[in-house]
Amino acid sequence: MSTAMPTRTADATGVRTLRNYVGGRFVEAATNEHLDVTEPATGALLARVPLSSAEDLDAAVRAAQEAFPKWRRTPTIERARRMFTLREA
């Protein structure tokens, strides 16, 4: 699993801007539009997520279709480890 780019960047206020994970790497969305993610209890801004385009979605679907044959043969425990690693990125 390649994680050449971090999952997020921080702006001047320290708010994280998340990236899409496509084809085993983190990529910028085709748009500069983002949605704020807030903490429901306080309304504090936690992060920003990209409002991905149809082009972004198509790329993700193509990558998933290509990866599926290998992924389905991956043992469950290895899948879980990879997902945990991705969560920590």
Side-chain angles (χ1 to χ4, degrees):
M1 175 184 337
S2 170
T3 54
M5 293 177 63
T7 59
R8 54 194 166 242
T9 59
D11 64 15
T13 64
V15 175
R16 299 175 298 163
T17 299
L18 304 180
R19 293 187 175 102
N20 293 332
Y21 189 73
V22 179
R25 60 190 180 92
F26 293 101
V27 297
E28 296 290 341
T31 181
N32 288 329
E33 294 182 74
H34 292 83
L35 180 67
D36 290 345
V37 178
T38 57
E39 211 289 348
T42 65
L45 182 60
L46 299 175
R48 290 188 177 93
V49 294
L51 293 175
S52 299
S53 67
E55 176 185 316
D56 293 321
L57 179 60
D58 289 344
V61 169
R62 279 192 305 275
Q65 288 172 331
E66 290 172 15
F68 182 69
K70 183 176 178 183
W71 184 250
R72 74 187 298 185
R73 292 187 304 271
T74 302
T76 305
I77 191 70
E78 178 61 25
R79 290 186 207 180
R81 286 183 184 129
R82 291 183 187 187
M83 296 304 287
F84 185 78
T85 300
L86 181 61
R87 184 192 77 153
E88 296 297 313

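Position 1 is the first residue of the sequence, and the numbers go up from there. Every heavy atom of this structure was used, including side-chain atoms; hydrogens, water molecules and symmetry mates were not.
- Remark: side-chain polar atoms of Arg79 are paired, donor with acceptor, to backbone N or O of Arg72 under 3.5 angstrom.
- Sorted by first and then second residue, the side-chain hydrogen bond (donor to acceptor under 3.5 Å, both in side chains) pairs involving residues 34-43 (not counting sequence neighbours) are Asp36-Arg48.
- For Leu51, the side-chain contact (heavy atoms from CB on, under 4.5 Å) test picks out Glu33, Leu35, with sequence neighbours left out.
- Note that CD1 of Ile77 is 12.5 Å distant from CZ of Arg82, once rounded to the nearest 0.5 Å.
- Of the possible polar contacts, one joining the Asp56 side chain to the Ala30 backbone as a donor-acceptor pair under 3.5 Å is found.
- Interatomic distance, Leu86 CG to Met83 CE, rounded to the nearest 0.5 Å: 5.5 Å.
- The nearest pair of heavy atoms linking Asn20 to Ser52 is ND2-OG, 2.9 Å.
- Rounded to the nearest 0.5 angstrom, Leu18 CG and Glu28 CD are separated by 10.5 Å.
- Across all their heavy atoms, Val22 and Ala59 have their closest contact at CG1-O, 3.7 Å.
- In the displayed structure, Asp58 atom CG is contacted under 6.0 Å by more than 12 heavy atoms of other residues, nucleotides or ligands.
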